[in-house]
J.: 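Before I ask anything, here is the structure I am working with.
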Amino acid sequence: MTGPDSPATDLHSAAVPRTGGFVASDTKVITTLAQRADFLAAARARHRATPGFVVQARQRPAAAPGAAGIRVGFTCSKKVGNAVARNRAKRRLRAIARLVLPVHGRPGWDYVLIGRRDVTASRDFWQLQADLAAALAKLHAAHAP
RNA sequence: GCGGAUGGCCGGAUGACCGCGGGCGGCAACGUUCGAGGAAAGUCCGGACUCCAUGAAGCGACGGUGCCGGGUAACGCCCGGCCGGGGAAACCCGAGGGACAGCGCCACAGAGAACAGACCGCCGCGCUCUGGCGCGGCAAGGGUGAAACGGUGGGGUAAGAGCCCACCGCGGGGCUGGCAACAGCGUCGGCACGGCAAGCCCCACCGGGAGCAAUGCCAAAUAGGGGUCCCGCGCGGCGAUCGCCGCAGGCCGCUUCAGCCCAGGGACCCGGGUUGGCAGCUAGAGCGCGUCGGCAACGGCGGGCCCAGAGGAAUGGUCAUCCAAGGGGGCAACCCCUGGACAGAAUCCGGCUUACAGGCCAUCCGCGCAA
RNA sequence: CGGGGCGUAGCGCAGCCUGGUAGCGCGACGGUUUUGGGUACCGUAGGUCGGAGGUUCGAAUCCUCUCGCCCCGA
C-alpha cells in the first residue's frame, strides 16, 4: 500500500506505479471488514448515495481496539444479479477503494461500499472514482463540528 | 450452389503498466512461476473417501431399474444390434418384461364396453283396418365410440355367418440362422385370447445409513453440574462373600447359526464454555501423442506432460493494435460510433440434464448446374 | 452438502391420492331495497391450472425435465 512519503496524486494519474512499502507506524493501512457486527454498525451510521454505488461511513470510538487505520467492506447482495455480476461489481468497488481511500479516506474510520445492479459494473471507471471522492468529502464535512 | 441430417471443435487474441491468491527461493526488500468452465450451473444418477451400525445366510418391508449383447470401478450412462413408429432419403424418436397369478378402471355417446349383444335393419311364416303387428332365424350392412369379438376377395344361403376356400393377420408346436433379443421357412388350428401395469400388482436384478459444516489432531475455555424418563441388577449346580458351568435375559425388523455382554446400559431437556489453528486438499478410474486389438463404446503397450487450491473465499482497472458482430456515411477503397453468448471452482472423479452471441471442420442425403 | 413444501379467477384457498363436470369465500360489475350511503337479497362476468415434453381415447390430476418462491437440518 501507499507509504506516507508517496505524495497523494490526482485521480487521473492513479495508474502510476506506487513504490515503497509498509512502515510500522503507517496510519493509512487499509484492512477489510469481516465481522457482521461491523457491517451492521456502519449501516446505522451516516451514508451517501452515488449513481454507481452507496457509501456508508462510521468513525470508530477512539477506545476501540486497532483504532488506527482505514477499514473498508463491500456488499453486493443477490439483488445485484447472478454470481458473475456480483463478483464483477465487488471487484470494481475494490479497485476504486484501493485507489481513492489512501488519498481521501481518514484513519479510524470504517467504510462500506454497496454495489448496484448493472450500474456498478458498467459505469465509467473514472466516474466511479470521482463519485467516491465526492461522497467521502460530503460525509466527512457533515461530520465536522 | 441451395436445402437438410449427423459428429466434433473454438467460444475473443497479443502486449504494456498498476493490483489480488497460491507455490518455490530469500533474514528481508524482492524475484520467479502458476491462477476458472464446457457447462465450474441444476443437484437428477453412479462411485472414491471418512465416520456410524456385532457378523453371516434366509425372509419381510421400502426405494429403484426393466428388449438383447457388449463397455465400465460403477451407473438410470455409453456403444452395437433387434423390434415398433416418423421421414422421399441421410437420419431421428421410443420407461421397449408380464394383461390365462389376482384385484381394479374403461366417463359421455351407443342396442351392446368384456361369460357379448340386437336399436335401425335383412330373411321366412302367420295375421291385417295396407299404416303395420306377432312368432322365429341372422349378425353381413347402417349408426355410436378412442376401442364393437379377425381383414380382403370368392363360394355358399331363405337371409346370413370361418359355414367352406385363397391370401394376409393371430395362436400352438417344429426346423434353419444368430451368443441372444429376434428373423426366415414350412406345418397344424378355423379364430378362441380388447385396452390401461408412467393404477395396485407379479417376475428378474440392484440397494445398510450419513455426508468434507464428513472426519482426525492441536490450542483455548467452563463444568466435573442440574432435571425428566426407560430397561435391568434373575435362577440352578459345583467348590469357604469370588471363580467356573448351565438356563433365562440383552446386543441386527423377524428366524436360524456364530460371536459378545452380565451389573450397569440408554434417551431427551436445561445450564455453562468455544465460534481459533492445522490436516483432510488436490498426481487423478488425470491429460494429450503414437501404436496394436475391436464395427464401436473401450482396452493393452510405449514414451511425454503437471494442469487453481481459496477458506466472509483470489482473476480487477486502464491503454494500444487486431478479430467477429450491430448501426451510420460513401460508387468504392475506406471512415466514424457502439461493443463481446451462457456464465465464476469450494473434497474429488464418471455421466445425465439445462443455458449459450457467433464461428470453424469433417462425413452423409436430396435437388440444380457443369463434366 | 442434504431434506421438505408451494405455484389453480384480482386476493386467499379446495379439487390431485383413486385421470373424464375446474368449485368455495372475499372482491369486481349490474339490479332491488333506502331520500342517499352502508347492510341485506338477486343475477352476471372472469381461470394458458408456473412452463415444455411424454403415458392415455382423454391430464389441473400420472411420469420426466425445467422456472420461480418459501422453509428446515448439519
Side-chain angles (χ1 to χ4, degrees), chain A residues 1-140:
Chain A
M1 284 302 166
T2 306
D5 56 344
S6 170
T9 57
D10 72 324
L11 287 177
H12 289 74
S13 62
V16 299
R18 296 172 185 277
T19 54
F22 288 103
V23 179
S25 60
D26 192 349
T27 54
K28 289 207 171 179
V29 170
I30 294 182
T31 54
T32 48
L33 292 177
Q35 293 298 314
R36 175 171 170 80
D38 292 331
F39 281 92
L40 293 177
R44 281 193 300 272
R46 57 189 71 256
H47 61 272
R48 183 157 190 90
T50 76
F53 53 91
V54 175
V55 194
Q56 296 170 340
R58 163 177 169 263
Q59 185 172 30
R60 291 193 300 279
I70 299 172
R71 299 200 305 177
V72 61
F74 305 92
T75 297
C76 287
S77 75
K78 234 174 178 177
K79 282 189 288 186
V80 174
N82 60 19
V84 173
R86 290 200 302 275
N87 281 340
R88 182 161 178 81
K90 216 185 302 177
R91 285 163 182 156
R92 297 196 87 201
L93 291 179
R94 211 161 15 225
I96 62 169
R98 183 170 53 80
L99 292 170
V100 174
L101 283 182
V103 182
H104 296 278
R106 291 189 178 177
W109 283 62
D110 284 352
Y111 302 98
V112 173
L113 278 67
I114 302 172
R116 294 187 182 223
R117 186 179 187 86
D118 301 331
V119 185
T120 304
S122 62
R123 185 168 169 84
D124 182 82
F125 191 70
W126 304 114
Q127 279 294 319
L128 279 181
Q129 294 181 61
D131 289 346
L132 180 55
L136 291 179
K138 288 279 189 181
L139 287 165
H140 293 150

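Protein chains get the first letters and strands the later ones, always in sequence-line order, with residue 1 at the start of each. These values consider heavy atoms only, across backbone and side chains, with no hydrogens, waters or symmetry-generated copies.
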J.: Please determine, for the side chain of A:Ala83, which listed nucleotide (B:rG344, B:rA314, B:rG317) has the closest atom?
T.: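 Of all the options, the side chain of A:Ala83 is nearest to B:rG344.
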J.: Once you apply the 3.5 Å cut-off to both distances, tell me the Watson-Crick or G-U wobble partner of B:rG225, or none.
T.: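 Paired with B:rG225, as far as the under-3.5 Å criterion goes, is B:rC270.
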J.: Any chance you could measure A:Leu113, atom CG, to A:Lys90, atom NZ, to the nearest 0.5 Å?
T.: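 Answer rounded to 0.5 Å: 13.0 Å.
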J.: Of the candidate nucleotides B:rG317, B:rG344, B:rG19, which contains the atom at the shortest distance from the side chain of A:Phe125?
T.: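 For the A:Phe125 side chain, the nearest candidate turns out to be B:rG317.
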J.: Which of the following nucleotides, B:rC18, B:rA343, B:rU315, is nearest to the side chain of A:Arg91?
T.: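 For A:Arg91, the side-chain atoms sit closest to B:rU315.
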J.: Whom does B:rU32 pair with, Watson-Crick or G-U wobble, provided both distances fall under 3.5 Å?
T.: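 Partner of B:rU32: B:rG23.
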J.: Please give, in whole Å, the distance from B:rG317 P to A:Lys90 NZ?
T.: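 Rounding to the nearest Å, NZ of A:Lys90 and P of B:rG317 are 15 Å apart.
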J.: Is B:rA192 syn or is it anti, if syn means the base angle is within 90 degrees of 0?
T.: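 For B:rA192, whose glycosidic angle is within 90° of 0, the conformation is syn.
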J.: Any sub-3.5 Å donor-acceptor pair from A:Arg48's side-chain atoms to A:Val55's backbone N or O?
T.: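 No, the answer is negative, given that no donor and acceptor are paired below the 3.5 Å cut-off.
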J.: Which residues satisfy the side-chain hydrogen bond (donor to acceptor under 3.5 Å, both in side chains) test with A:Asp131, sequence neighbours excluded?
T.: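 So A:Asp131 forms a side-chain hydrogen bond (donor to acceptor under 3.5 Å, both in side chains) with A:Arg123.
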J.: Taking the same atom, C1', in B:rG272 and in B:rG243, what whole-Å distance lies between them?
T.: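 Nearest-Å result for B:rG272 against B:rG243 at atom C1': 47 Å.
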J.: Roughly how far apart, to the nearest Å, are B:rA140 and B:rA113 at atom C1'?
T.: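 Those two atoms are separated by 22 Å.
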J.: Which of the following nucleotides, B:rG344, B:rG317, B:rG19, is nearest to the side chain of A:Asn87?
T.: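 Between B:rG344, B:rG317, B:rG19, the one nearest the side chain of A:Asn87 would be B:rG344.
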J.: Across the strands shown, which category fits A:Arg88 at heavy-atom distances under 4.0 angstrom: base, sugar-phosphate, nothing?
T.: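 Sugar-phosphate, backbone atoms only, no base.
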J.: Suppose you measure atom P in B:rG142 against the same atom in B:rG160; what distance do you get, rounded to whole Å?
T.: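 Approximately 14 Å lies between the P atom of B:rG142 and that of B:rG160.
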J.: Roughly how many Å apart are B:rC201 and B:rC62, using the P atom of each and rounding to a whole number?
T.: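 After rounding to an integer number of Å, I get 8 Å for this pair.
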J.: Taking only the side-chain heavy atoms of A:Arg92 (C-beta and beyond), determine which of B:rG344, B:rC18, B:rU318 contains the nearest atom.
T.: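 Shortest atom-to-atom distance from the side chain points to B:rU318.
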J.: Measure the SG-CZ distance between A:Cys76 and A:Arg88 for me, rounded to the nearest 0.5 Å.
T.: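 Between atom SG of A:Cys76 and atom CZ of A:Arg88 there are 12.0 Å.
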J.: Starting from the 5' end of RNA chain B, give me the residue, A:Ala121 or A:Ala85, whose nearest nucleotide shows up first.
T.: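 The residue closer to the strand's 5' end, by nearest nucleotide, is A:Ala121.
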J.: Could you give the distance separating B:rC369 and B:rA343 at their C1' atoms, to the nearest angstrom?
T.: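 That atom pair is separated by 47 Å.
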J.: Which value, in whole Å, describes the distance between the P atoms of nucleotides B:rC77 and C:rG50?
T.: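 So the two P atoms sit 29 Å from each other.
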J.: Given the C1' atoms of B:rG284 and B:rC305, what is the spacing between them in whole Å?
T.: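 Taking atom C1' in both B:rG284 and B:rC305, they lie 14 Å apart.
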J.: Could you check if a side-chain atom of A:His104 sits within less than 4.5 angstrom of a side-chain atom of A:Leu132, using non-hydrogen atoms only?
T.: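 Side chain of A:His104 against side chain of A:Leu132, heavy atoms only: no contact under 4.5 Å found.
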J.: Provide the distance between the two C1' atoms, one in B:rG46 and one in B:rA73, to the nearest whole Å.
T.: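 Roughly 10 Å separates the two C1' atoms.
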J.: Once you round it to whole Å, what is the distance between C1' of B:rA314 and CZ of A:Arg98?
T.: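 Going from A:Arg98 (CZ) to B:rA314 (C1'), I get 14 Å.
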